[in-house]
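Chain A is the first sequence line, chain B the second, and so forth, proteins listed ahead of strands; every chain is numbered from 1.
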Amino acid sequence: MPELPEVESARQALESALDREIQAVDDNDEWVSRPHRPGDIARALVGGRLVAAHRRGKTMWLDTVGPDGEAGPPLGVHLGMGGRIIVTGPDGERGGGEPVRPDRTPRKAEWDRFTMTFTDGGQLRLFDKRRLGRVRLDPDLSELGPDAETITREEFRTRVGRGRAPVKARLLDQSVLAGVGNLLADEILWQAAVSPSAPAGDLDGDTLDRLYAAMQRAIAGAIANGGAHTGEVNPFRHADASCPRCGAPMVHGTVGGRTTWWCSAEQS
DNA sequence: AACAATGTTCAGTC
DNA sequence: GGACTGAACATTGT
């Protein structure tokens, strides 16, 4: 599920885990917790607490303090391709930040890849069937571009509008701009009526501004409606679909290494 | 069985 | 050496 909108909702869920004493940490999944060894994260955090939940693009990190109140190592959290954050209270009920839509995903215990238990009995869990999520101490954020939700129009123009790579690849490049994923990218390009494979450096200022406006709307809409999959074109990303705006056939291919759908008439 | 999946990363190539 | 591409990563669902 996770693109910027889903990650923002996960970040909000993490806020209900703040200021609670950490009693235990299960960091035994060596893939999800790489490059740490099992027990490394537990040793660093047990006895302390989380004090703030941040997000940039699809990456989250939690500020921590030790038992003495001194700052501890930040804990980075990434949801990968399908991870989710679950925070429970003392009696096991769900914490805040739950998805707008009810969720029927089965909760197999083996899909909990990382678990933090608080002294009040509640938990913070990274639930991820595909196991591409990640948790690590002192995450490196230096390769991340500015957040897609707050980047300025000028910055968007100069960062996105360059290079020979397809504009979609540019939108997906997290070092250019952090937060846009595959569905959001297709939605933005369709809203702005721009071909996904147009070389980014060829786009004029008006086109880049249109992309910027479309991105802002797409992100705000997705946050309000519960996810990147709620975009307007999303229902038309399948064979035999017609563009909901002009009726021309929707077509697909691979652009920027990802499956891409676009309107054969308006985005040529 | 083969392939795609709302993501990231690393090894290659130009 | 930077920019760019494609495969690999772990796992599930179609």
Side-chain angles (χ1 to χ4, degrees), chain A residues 1-11 28-35 55-60 76-85 99-101 103-114 126-136 139-145 148-149 159-190 196-202 215 218-219 221-223 225-239 252-261:
Chain A
M1 309 168 72
E3 292 190 43
L4 188 152
E6 288 82 1
V7 178
E8 175 54 24
S9 121
R11 190 201 63 77
N28 290 308
D29 189 314
E30 299 183 43
W31 177 253
V32 169
S33 299
R34 72 190 184 287
R55 177 190 65 73
R56 182 144 143 219
K58 308 171 197 171
T59 298
M60 297 178 280
V77 180
H78 200 293
L79 301 178
M81 190 83 105
R84 308 198 12 227
I85 291 295
V100 175
R101 294 146 60 103
D103 162 46
R104 256 170 235 84
T105 309
R107 289 274 156 60
K108 297 202 183 173
E110 62 263 37
W111 289 339
D112 284 336
R113 311 297 182 178
F114 176 87
L126 170 60
F127 174 85
D128 179 16
K129 355 179 163 190
R130 278 173 186 59
R131 213 181 170 207
L132 288 170
R134 191 162 179 186
V135 173
R136 64 157 310 167
D140 177 16
L141 307 174
S142 65
E143 302 300 308
L144 276 185
E149 194 185 6
R159 296 182 75 92
V160 175
R162 62 191 304 161
R164 301 310 305 167
V167 58
K168 177 168 178 181
R170 205 87 192 135
L171 289 171
L172 290 174
D173 186 338
Q174 304 298 298
S175 68
V176 169
L177 175 75
V180 176
N182 198 35
L183 295 183
L184 223 33
D186 278 6
E187 176 75 16
I188 291 164
L189 290 160
W190 179 79
S197 46
D202 287 353
M215 178 177 77
I219 290 174
I223 289 178
N225 297 325
H229 63 283
T230 61
E232 243 184 282
V233 266
N234 196 59
F236 303 91
R237 297 175 105 255
H238 65 81
H252 69 103
T254 299
V255 181
R258 309 298 305 279
T259 297
T260 303
W261 289 85

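The backbone N or O of A:P35 sits nowhere less than 3.5 Å from a side-chain atom of A:R136 that would complete a donor-acceptor pair. A donor-acceptor pair under 3.5 Å links the side-chain atoms of A:R56 to the main chain of A:G145, judged by distance alone. The main-chain N or O of A:V176 is found under 3.5 Å from a side-chain atom of A:R159 such that the two form a donor-acceptor pair. Between the side chain of A:E8 and the backbone N or O of A:P5 there is no donor-acceptor pair closer than 3.5 Å.
The interatomic distance linking A:D128 (CG) with B:dA5 (C1') rounds to 12 Å, in whole Å. Atom-to-atom, NE2 of A:H229 to P of B:dA5 comes out at 16 Å; the value is rounded to the nearest Å. Distance A:L183 CG to B:dA4 C1': 13 Å, rounded to the nearest Å. For the pair A:R136 CZ and B:dT9 P, the interatomic distance rounds to 10 Å; values are reported in whole Å. Atom CG in A:L144 sits about 11 Å away from atom C1' in B:dT8, given to the nearest Å. Rounded to a whole Å, the CG atom of A:D29 is 8 Å from the P atom of C:dT11. Taking atom CG of residue A:L132 and atom P of nucleotide B:dT9, one finds them 11 Å apart after rounding to whole Å. For the pair A:K168 NZ and B:dG7 P, the interatomic distance rounds to 9 Å; values are reported in whole Å.
Of the residues A:E3, A:K168, A:E187, the one that meets the side chain to side chain donor-acceptor pair (under 3.5 Å) test with A:N182 is A:K168.
Comparing atom distances between the A:H78 side chain and each of C:dA10, C:dC4, B:dG7 picks out B:dG7 as nearest. Side-chain atoms of A:E3 lie closest to B:dG7 of the nucleotides C:dG13, B:dG7, C:dC4. Counting only heavy atoms from C-beta on, A:R130 has its side chain closest to B:dA5 among B:dT8, B:dA5, C:dT5. The nucleotide whose nearest atom lies closest to any side-chain atom of A:R164 is, among B:dT9, C:dC4, C:dG13, C:dC4. In the set B:dA5, C:dT5, C:dT11, B:dA5 carries the atom at the smallest distance from any side-chain atom of A:M81.
When the side-chain nitrogen and oxygen atoms of A:W111 are compared with OP1 and OP2 of C:dT12, one or more of them lie within a distance under 4.0 Å. Contact annotation: A:K108 side-chain N/O to C:dT12 OP1/OP2 distance is not under 4.0 Å. Using a 4.0 Å cut-off, some side-chain N or O of A:R170 falls inside it from OP1 or OP2 of C:dC4. Put simply, A:K58 has a side-chain N or O that comes within less than 4.0 Å of OP1 or OP2 on B:dG7.
Using a 4.0 Å heavy-atom cutoff across all strands shown, A:A165 reaches sugar-phosphate atoms only and no base atom. Looking at heavy-atom distances under 4.0 Å, A:R34 makes no contact with the nucleic acid at all. In this structure, A:G257 reaches neither bases nor backbone, as no heavy-atom distance under 4.0 Å exists between it and the strands shown.
Along DNA chain B, the nucleotide nearest to A:E6 and the one nearest to A:R134 differ in position, and the one closer to the 5' end is contacted by A:E6.
Comparing the P positions of B:dA11 and C:dA10 gives a spacing of 15 Å, expressed to the nearest Å.
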With both pairing distances under 3.5 angstrom for Watson-Crick or G-U wobble, and | for a partner in another strand, the correct string for DNA chain C is .||||||||.||||
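With sequence neighbours left out, A:E30 forms a salt bridge (Lys or Arg N to Asp or Glu O under 4.0 Å) with A:R37.
The environment of CD in A:E143 is sparse: at most 12 heavy-atom neighbours from other residues, nucleotides or ligands sit within 6.0 Å.
A salt bridge is defined here as a Lys NZ or Arg NE, NH1 or NH2 lying under 4.0 Å from an Asp or Glu carboxylate O, and A:R34 with A:D29 fails to meet this definition.
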